[in-house]
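Notes to accompany the following structure.
Per chain, numbering begins at 1; letters A, B, ... match sequence-line order. Below, each value reflects all heavy atoms present in this structure, side chains not excepted, and no hydrogens, waters or symmetry copies.
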Amino acid sequence: AQKITQTQPGMFVQEKEAVTLDCTYDTSDPSYGLFWYKQPSSGEMIFLIYQGSYDQQNATEGRYSLNFQKARKSANLVISASQLGDSAMYFCAMRERVTGGGNKLTFGTGTQLKVEL
Amino acid sequence: EPEVTQTPSHQVTQMGQEVILRCVPISNHLYFYWYRQILGQKVEFLVSFYNNEISEKSEIFDDQFSVERPDGSNFTLKIRSTKLEDSAMYFCASSEARGSGANVLTFGAGSRLTVL
């Protein structure tokens with residue numbers, strides 16, 4: 001069975017600083033994908049970044065980058081130049097293939113990030 | 001940017017009542033999903049749907065739950081007889097069938113269900 005672990009229930013960061021949100025995973029499937037989603041207080045789930053298990057390079061999307069260390073089974077999210085609007089809950093998730101196609105995501109428990117002035 | 005839309009945004013119902021949550025996935029997506037998030041907890045997979053049938057469901061998705069694609073655009077989740085523990089945010093999601101986009105699930109804004 002797949003497992004996602006986020007060990008930081010809450011994090012604080014100063015505006016304009018970088019912050020790393022930790023995520024470790026466990027799976028026996030050689031093909032998998034890792035996601036980060038942002039959930040602001042309004043509740044919606046916003047896709048941030050995706051990393052495939054066979055991708056050679058770490059994924060980047062604007063101020064977001066994913067520090068993928070396959071041997072250590074970690075997929076940490078790095079947010080550079082934090083902004084007040086980054087304050088939200090952040091979920092790490094892992095994709096597993098569904099019989100018949102599609103994807104099923106297993107989510108971690110989330111990290112609540114607060115950006116301070 | 002294309003988005004997944006969900007209605008209603010919030011529904012309050014009495015225990016034992018039937019509830020239908022509606023979703024309009026992104027038009028060229030072929031895989032559809034429902035997830036739920038009980039307040040303060042992590043997001044949990046309920047069901048995936050492709051080619052007009054369920055492709056996988058979780059233990060949570062028991063006989064009280066059903067999904068349907070009644071027409072070419074809507075995707076619904078029905079809870080036949082709601083229980084207090086069904087109170088949660090329900091997220092609809094969709095993804096493409098092929099290519100790099102097939103890996104990414106786009107979520108709707110959620111429907112908050114409160115069972116009294």
So how far is it from A:Met45 CE to B:Cys92 SG, rounded to the nearest 0.5 Å? 13.0 Å
According to a hydrophobic-cluster definition based on side-chain heavy atoms being under 4.5 Å apart (Ile, Leu, Val, Met, Phe, Trp, Tyr only), do A:Tyr25 and A:Leu66 belong together? yes
Looking at A:Gly43, A:Gly33, A:Gly110, which makes the most heavy-atom pairs under 4.5 Å with chain B? A:Gly43
Rounded at 0.5 Å granularity, tell me how far OH in B:Tyr33 sits from NZ in A:Lys104. 12.0 Å
Does one hydrophobic cluster hold both B:Tyr31 and B:Leu46, with members joined at side-chain heavy-atom distances below 4.5 Å? no
Once rounded to the nearest 0.5 Å, what's the spacing between atom OG1 of A:Thr106 and atom NZ of B:Lys42? 7.5 Å
Hydrophobic cluster membership, A:Leu34 vs B:Val43, 4.5 Å side-chain cutoff: no
Just so I know, are the side chains of B:Leu105 and A:Tyr37 near enough to count as touching, which here means a heavy-atom distance under 4.5 Å? yes
Report the distance from atom CZ of B:Phe107 to atom CG of A:Leu105, rounding to the nearest 0.5 Å. 5.5 Å
Any chance CD of B:Glu85 has more than 12 other-residue heavy atoms, nucleotides or ligands included, within less than 6.0 Å? yes
Would the number of heavy atoms belonging to other residues, nucleotides or ligands and lying under 6.0 Å from NZ of A:Lys73 be above 12? yes
A:Phe107 side chain reached by B:Gln41 side chain, heavy atoms, under 4.5 Å: no
Part of B:Tyr35 within contact of chain A (heavy atom distance under 4.5 Å): side chain
Proximal component of B:Gln37, with respect to chain A [non-hydrogen, under 4.5 Å]: side chain
Which heavy atom in A:Tyr50 sits nearest to a heavy atom in B:Val104, and how many Å separate them? CB-CG2, 4.5 Å
Does any heavy atom of chain B fall under 4.5 Å from the side chain of A:Gln6, the backbone, both, or neither of them? neither
Does B:Phe91 share a hydrophobic cluster with B:Phe75, counting links as ILVMFWY side-chain heavy atoms below 4.5 Å and allowing steps through other members? no
